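Written out below as structure tokens is the structure these notes cover.
Since the model is a prediction, treat every value here as computed from it, not as a measurement. Naming: A, B, ... by sequence-line order, numbering from 1 per chain.
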Number of protein chains: 2
Amino acid sequence: MNISEVAKLSGLAAKTIRYYESIDLMDPPRRGANGYRRYHDGDVQILCFLRQARQFGFNIDQCRLLLALYKNPQRRSTEVHQLVSDKLTEVDAHIRELGATRDLLAQLVGVCPNNEEADCAIIDTLSGQSEQSQVVKGVES
Amino acid sequence: MNISEVAKLSGLAAKTIRYYESIDLMDPPRRGANGYRRYHDGDVQILCFLRQARQFGFNIDQCRLLLALYKNPQRRSTEVHQLVSDKLTEVDAHIRELGATRDLLAQLVGVCPNNEEADCAIIDTLSGQSEQSQVVKGVES
DNA sequence: GCTTGACCTTCTAGTTACTGTAAGGCTTAG
DNA sequence: CTAAGCCTTACAGTAACTAGAAGGTCAAGC
């Protein structure tokens, strides 16, 4: 299997697969007489695993750990559980942060007159000129 | 005012301020006889504005636009409103994506036996070996 | 045999928004 | 005079790719 085929099957770009090889996330495959990389079904499995893990928000180093567990028949499932629940905590925190940002943005949208005039409470808020602003402090009325 | 003072007042790192100058986000300040940058209150205003905008999730180019509007007394508030409501839409989309990821992670955490055995449904799911998995497809029961 | 297009290869550089580090000059207190 | 604590520039590194250049290989069609 050449790289474009394994790319199609795994859902990753060929460039990404070469990149994963270059950072030792993936073992380098054998090469054909022409120098082309030759992949097998097991490689597709691993690349799918990596794609999924990345989609779940694991970074490359975390993928490295997950992959080691994946390959290790002596793993303990608690180790996997730990990695995933840590990630869950992390994503939860991120969502909360973004939620707070979203609420503030929504308030900004609400206070802008949205007309042809220059006067704009958003600008005032961002410049910190209305430090006591109900919007920023969330002290609505 | 030297850079460390304006940094303290604006809440940005001195490095960041120099960086903003280097990418023409900020006008270069006058220099003292010793070559040091000298800032004024207006610079603090602008840097606060930028810090706030960045915290709201605007990227550098969007900050450029916002800053231009901030500086322009002939601006129309609709322009500001547009930028902010676009950002709101963007953040909302991001939150929805993360929420989906969070739910999937939570399901993964739920299916892992979390013990000393190697058997782990998380690994199976990530490797795509349980393609019909209720977890992945979200077909709960 | 030749061309064309789709593959494949390596290498370098660009992306975002900084941050770290090095190497050196300025300022001020002791 | 020296030491700490500022300031300067310039270069490199971060994460995870992505784009592009320059060139080799392969299969099909004429």
#### Entry: Separation of atom CD1 in B:Ile3 from atom C1' in D:dT9, rounded to whole Å
12 Å
### Message
From the set D:dT9, D:dC6, C:dA17, return the single nucleotide nearest to any side-chain atom of B:Ser4.
### Response
D:dC6
### Message
Around atom CG of A:Asp41, are there more than 12 heavy atoms from other residues, nucleotides or ligands closer than 6.0 Å?
### Response
no
### Message
On DNA chain D, does the nearest nucleotide to A:Tyr19 precede the nearest nucleotide to A:Asn34 from the 5' side, or the other way round? Give the residue.
### Response
A:Tyr19
### Query
In whole angstrom, what separates A:Glu21's CD from D:dC17's P?
15 Å
## Note on the structure
Among the nucleotides D:dT9, D:dA16, D:dG24, whichever has the atom closest to the side chain of A:Asn59 is D:dA16
### Message
Using a 6.0 Å cut-off, check whether atom CG of A:Asp103 has over 12 heavy atoms from anything other than its own residue.
### Response
yes
### Query
Within the structure shown, what part of the strands sits under 4.0 Å from B:Ile23 by heavy-atom distance: base, sugar-phosphate, or nothing?
nothing
### Task
Give the C-alpha distance, both sets of side-chain angles, the deciding distance and a yes or no for salt bridge (Lys or Arg N to Asp or Glu O under 4.0 Å) between A:Lys8 and A:Glu5.
CA-CA 5 Å; A:Lys8 197 185 306 171; A:Glu5 173 131 23; over 6 Å; no
### Query
Which nucleotide sits closest to the side chain of B:Thr16: D:dT8, D:dT18, C:dT19?
C:dT19
### Query
A:Lys15 has a side chain; which of D:dT8, D:dC17, D:dT18 sits nearest to it?
D:dT18
### Task
Please state how far atom CD1 in B:Ile17 lies from atom C1' in C:dT19, giving the value in whole angstrom units.
14 Å
#### Entry: Phosphate contact (C:dC8 OP1 or OP2) by A:Arg38 side-chain N/O below 4.0 Å
no
## Note on the structure
Rounded to whole Å, CD of B:Gln62 lies from C1' of C:dA17 at a distance of 13 Å
### Query
Nearest-Å distance, CG (B:Leu12) to C1' (C:dA17)?
12 Å
### Interatomic distance, A:Asp61 CG vs D:dA16 P [rounded to whole Å]
7 Å
### Query
Which whole-number value in Å describes the distance from B:Ile60 CD1 to C:dT19 P?
11 Å
### Task
With side chain to side chain donor-acceptor pair (under 3.5 Å) as the test, would you mind laying out the steps for B:Gln82 and B:Asp86 before giving the verdict?
CA-CA 6 Å; B:Gln82 188 62 52; B:Asp86 284 356; 2.9 Å; yes
### Message
On the nucleotide D:dT8, are OP1 or OP2 found under 4.0 Å from the side-chain N or O atoms that B:Arg37 carries?
### Response
yes
#### Entry: Selected nucleotide, minimal atom distance to B:Tyr36 side chain, candidates D:dC7, C:dC7, C:dC18
D:dC7
### Query
To the nearest 0.5 Å, what is the distance between CD (A:Glu97) and CD1 (B:Ile95)?
11.0 Å
## Note on the structure
B:Arg31 has its side chain closest, among D:dG20, C:dT9, D:dT9, to D:dT9
#### Entry: Spacing of A:Arg51 atom CZ relative to D:dA16 atom P, expressed in whole Å
17 Å
### Query
Does A:Tyr20 have a side-chain nitrogen or oxygen under 4.0 Å from the phosphate oxygens OP1 or OP2 of D:dA16?
no
### Task
Report the nucleotide, chosen from D:dT9, C:dC26, C:dC8, that has the shortest atom-to-atom distance to any side-chain atom of B:Arg18.
D:dT9
